[in-house]
Engineer: 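Quick one: structure below, then a few questions.
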2 protein chains.
Amino acid sequence: MPHQRLIKRLLTAGRLSESEQKALVGLPYAVRNLADGDIAVHQGERPSACTVLMSGFLSRQRVISERNQISAFYVPGDIPDLHCLHVPTIDHDLCSTGPSTIATVSHVVLRQVLRDFPGLTYALWGETVIQAAIYREWVENLGARAALPRVAHLLCELSTRMQKVGLAENGKMNLPFTQADFADACGLSVVHVNRTIQELRRRGLIDWQSQTLELLQRAELEFIGDFNEEYLH
Amino acid sequence: MPHQRLIKRLLTAGRLSESEQKALVGLPYAVRNLADGDIAVHQGERPSACTVLMSGFLSRQRVISERNQISAFYVPGDIPDLHCLHVPTIDHDLCSTGPSTIATVSHVVLRQVLRDFPGLTYALWGETVIQAAIYREWVENLGARAALPRVAHLLCELSTRMQKVGLAENGKMNLPFTQADFADACGLSVVHVNRTIQELRRRGLIDWQSQTLELLQRAELEFIGDFNEEYLH
DNA sequence: CGTTCGATTGACAATGATCAACCCTTGTGG
DNA sequence: CCACAAGGGTTGATCATTGTCAATCGAACG
């Protein structure tokens, strides 16, 4: 299997044996490059391979009530359609935000390796557990928080996830998302997201321009967004 | 392991072998009865056993921004803290709504059985996959839908899940939830949930009194709530 | 019979949506 | 090299969905 970042995470999380590690690393895969806006996997497809995000970002999206709702962002190392091992069809688009690179790993081959190395099954299950925890946080974010803490929380989450895969240092990272993307993810209008971000800037909490986001006051942002990174471990 | 309904679901979903089935059925467990409002598992606990809901309902809740946000409802056969096999602490309360019965299955014993029968690991992973799909729908529900379709969607989801475990027929079921519970789950105020439910009643779509809910016009409700049960399979 | 909880109603407030411009940067074709 | 188009960001004005507050009602229960 491809990505360094994924593998490193699985190794720590799942405490894999030597042979399991080798089996994982040795999995064959194909690489595909995507441009901004390209759809990696289409809603309704029945994929025969899993997608590992190697670089860039994907977002899981679907039109709900004439609104494009984003239900997840994926950072390098994530496997956005891992659940398709269990459920045949994927009911969302996986859309590249900015250019990205993905690797595809055949279900058939992957299933065989999982049969041979049960520790890997357990480790990948753990990945699903983390994704579920993220969804849970989003439910709470959308259900209970006002605009400002909601956006703050999402910023903290993205920063932490990027940091974990070595793509952010000191809260500074490259983010190709537009304010419209954030609106779709936060269930807010673009206009209101714009005003919210301005408020965060005005308070000196973030610097976000030309696709570079920097969290200037992490602690304060976490306080406002009621963010606790525990759930991402 | 205890519950008929869970086991039946796992059998169909996971295509378990004879020996795996036996191992599953043979798992030792302890039963506990809960009254309305009792907390089965407390936020911050580090459970040493998994909880299988045998009868009644649990809701996963946590206080966010001085609001009690419910992020999941559980029906009989569900294992609300299954993820604790992977993550040590649970960061929500699991609260009984109405009286309920739960079975607890020791992590140690369960882990051993999972090591011995990898097919079971895969099947339980599948349970996590379904729970994640439900969270995803909640994200979309909270992020994109107005009050009426939001409540309609939740009603459809509950009805379908109840039907799957044989606790609803023709969309009629026993539901101990209050309007306040629905408010906490839908991210709406109690007052507005009340008005929304009245609107559903006025349109002749539901009958809901003295803890009995009946979906009178399933198709119309699904249309309003933009509900498609695929994700629950 | 009083208390409590859940449901209901009305009046009013506010967060965030919508609509409509406008600006600025970037990219592209002539 | 310039003109123009397009996309993203920004702003102001207005609208409306939903929240808040407060009171009432009815049923269940001890």
Side-chain angles (χ1 to χ4, degrees), chain A residues 35-38 57 59 64-70 95-99 141-154 174-202 206-213 224, chain B residues 35-38 57 59 64-70 95-99 141-152 154-155 174-202 206-213 224:
Chain A
D36 180 49
D38 283 359
F57 298 84
S59 41
I64 306 281
S65 305
E66 317 191 329
R67 232 187 125 276
N68 188 44
Q69 178 69 41
I70 291 178
C95 177
S96 182
T97 303
N141 209 26
L142 294 167
R145 295 202 184 93
L148 192 78
R150 196 183 298 182
V151 172
H153 191 276
L154 180 56
N174 191 276
L175 264 203
F177 295 115
T178 65
Q179 296 185 354
D181 293 325
F182 262 55
D184 289 347
C186 290
L188 297 167
S189 68
V190 188
V191 172
H192 204 67
V193 163
N194 178 274
R195 290 181 171 130
T196 306
I197 287 171
Q198 285 182 58
E199 174 66 16
L200 290 171
R201 279 202 273 252
R202 198 191 60 71
I206 65 170
D207 182 39
W208 189 0
Q209 43 186 303
S210 55
Q211 310 210 338
T212 303
L213 168 71
I224 290 178
Chain B
D36 181 47
D38 283 359
F57 298 84
S59 43
I64 305 280
S65 305
E66 317 191 329
R67 233 186 125 278
N68 187 44
Q69 177 69 42
I70 291 177
C95 177
S96 182
T97 302
N141 209 25
L142 294 168
R145 294 202 184 93
L148 192 77
R150 196 183 299 182
V151 172
L154 181 55
L155 289 171
N174 192 276
L175 263 203
F177 296 115
T178 65
Q179 294 185 357
D181 293 324
F182 261 56
D184 289 347
C186 290
L188 297 166
S189 68
V190 187
V191 172
H192 203 68
V193 163
N194 178 273
R195 290 182 170 130
T196 305
I197 288 171
Q198 286 181 58
E199 174 66 16
L200 290 172
R201 279 203 273 253
R202 198 191 59 73
I206 64 171
D207 182 38
W208 189 1
Q209 44 186 303
S210 53
Q211 310 210 338
T212 302
L213 168 70
I224 289 178

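All values below were derived from every heavy atom in this structure, side-chain atoms included, with hydrogens, water molecules and symmetry-related copies excluded. All figures in this text were calculated on a predicted structure; none of them were measured in a lab. Residue numbers start from 1 in every chain, and the chains themselves are labelled A, B, ... in the order their sequence lines are given, proteins ahead of strands.
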Engineer: Can you measure B:Ile197 atom CD1 to C:dG6 atom P for me and round it to whole angstrom units?
Structural biologist: 14 Å
Engineer: By nearest heavy atom, map B:Asp36 and B:Gln198 onto DNA chain C; which one lands nearer the 5' end?
Structural biologist: B:Asp36
Engineer: How about B:Asp36 and B:Pro176: do any of their side-chain heavy atoms sit closer than 4.5 Å?
Structural biologist: no
Engineer: If I take atom CG from residue A:Leu148 and atom CZ from residue A:Arg195, how far apart are they, to the nearest 0.5 angstrom?
Structural biologist: 14.5 Å
Engineer: How long is the line joining CZ of B:Arg145 and C1' of D:dT18, in whole Å?
Structural biologist: 18 Å
Engineer: Could you write out each protein N or O paired with an N or O of nucleotides 10-12 of chain C at a distance under 3.5 Å?
Structural biologist:
residue	atom	partner	partner atom	Å
C:dG10	N7	B:Arg195	NH2	2.4

Engineer: In residues 175-184 of chain B, which residues come under 4.0 Å of DNA chain D by heavy atom?
Structural biologist: none
Engineer: Any side-chain heavy atom of B:Ile206 within less than 4.5 Å of one from B:Ile197?
Structural biologist: yes
Engineer: Say whether, by atom type as modelled, one donor and one acceptor occur between the side chain of A:Thr178 and the main chain of A:Asp181 under 3.5 angstrom.
Structural biologist: yes
Engineer: Quickly work out the B:Gln209 CD to C:dT8 P distance and round it to whole Å.
Structural biologist: 10 Å
Engineer: Over how many whole Å does the gap from B:Glu199 atom CD to D:dT17 atom C1' extend?
Structural biologist: 14 Å
Engineer: How long is the gap from CZ on A:Arg67 to OG on A:Ser189, to the nearest 0.5 Å?
Structural biologist: 9.0 Å
Engineer: Looking at A:Arg150, I'd like to know whether one of its side-chain N or O atoms comes within less than 4.0 Å of OP1 or OP2 on C:dT15.
Structural biologist: no
Engineer: In whole angstrom, what separates B:His192's NE2 from C:dT15's P?
Structural biologist: 17 Å
Engineer: Roughly how far apart are A:Cys95 SG and A:Asp184 CG, rounded to 0.5 Å?
Structural biologist: 10.0 Å
Engineer: Roughly how far apart are A:Phe182 CZ and A:Leu175 CG, rounded to 0.5 Å?
Structural biologist: 6.0 Å
Engineer: Which is true for A:Arg202 with a 4.0 Å heavy-atom rule: it touches a base, it touches only sugar-phosphate, or it touches nothing?
Structural biologist: nothing
Engineer: Quick one: label B:Gly187 by what it contacts on the DNA or RNA (base, sugar-phosphate, nothing), any heavy atom closer than 4.0 Å.
Structural biologist: sugar-phosphate
Engineer: In Å, rounded to the nearest 0.5 Å, how long is the span from CD of B:Glu199 to CG of B:Asn194?
Structural biologist: 12.0 Å
Engineer: Within the pair B:Arg201 and C:dT8, is there a side-chain N or O less than 4.0 Å away from OP1 or OP2?
Structural biologist: yes
Engineer: Which one, C:dA7, D:dT10, D:dG19, comes nearest to the side chain of B:Ser189?
Structural biologist: D:dG19
Engineer: Measure from CG on B:Leu188 to C1' on D:dT20 and round the result to the nearest Å.
Structural biologist: 14 Å
Engineer: Could you tell me whether the side chain of B:Arg145 and the main chain of A:Ser65 form a donor-acceptor pair under 3.5 Å?
Structural biologist: no
Engineer: In whole Å, I'd like the distance from the CG atom of B:Asn194 to the C1' atom of D:dA23.
Structural biologist: 14 Å
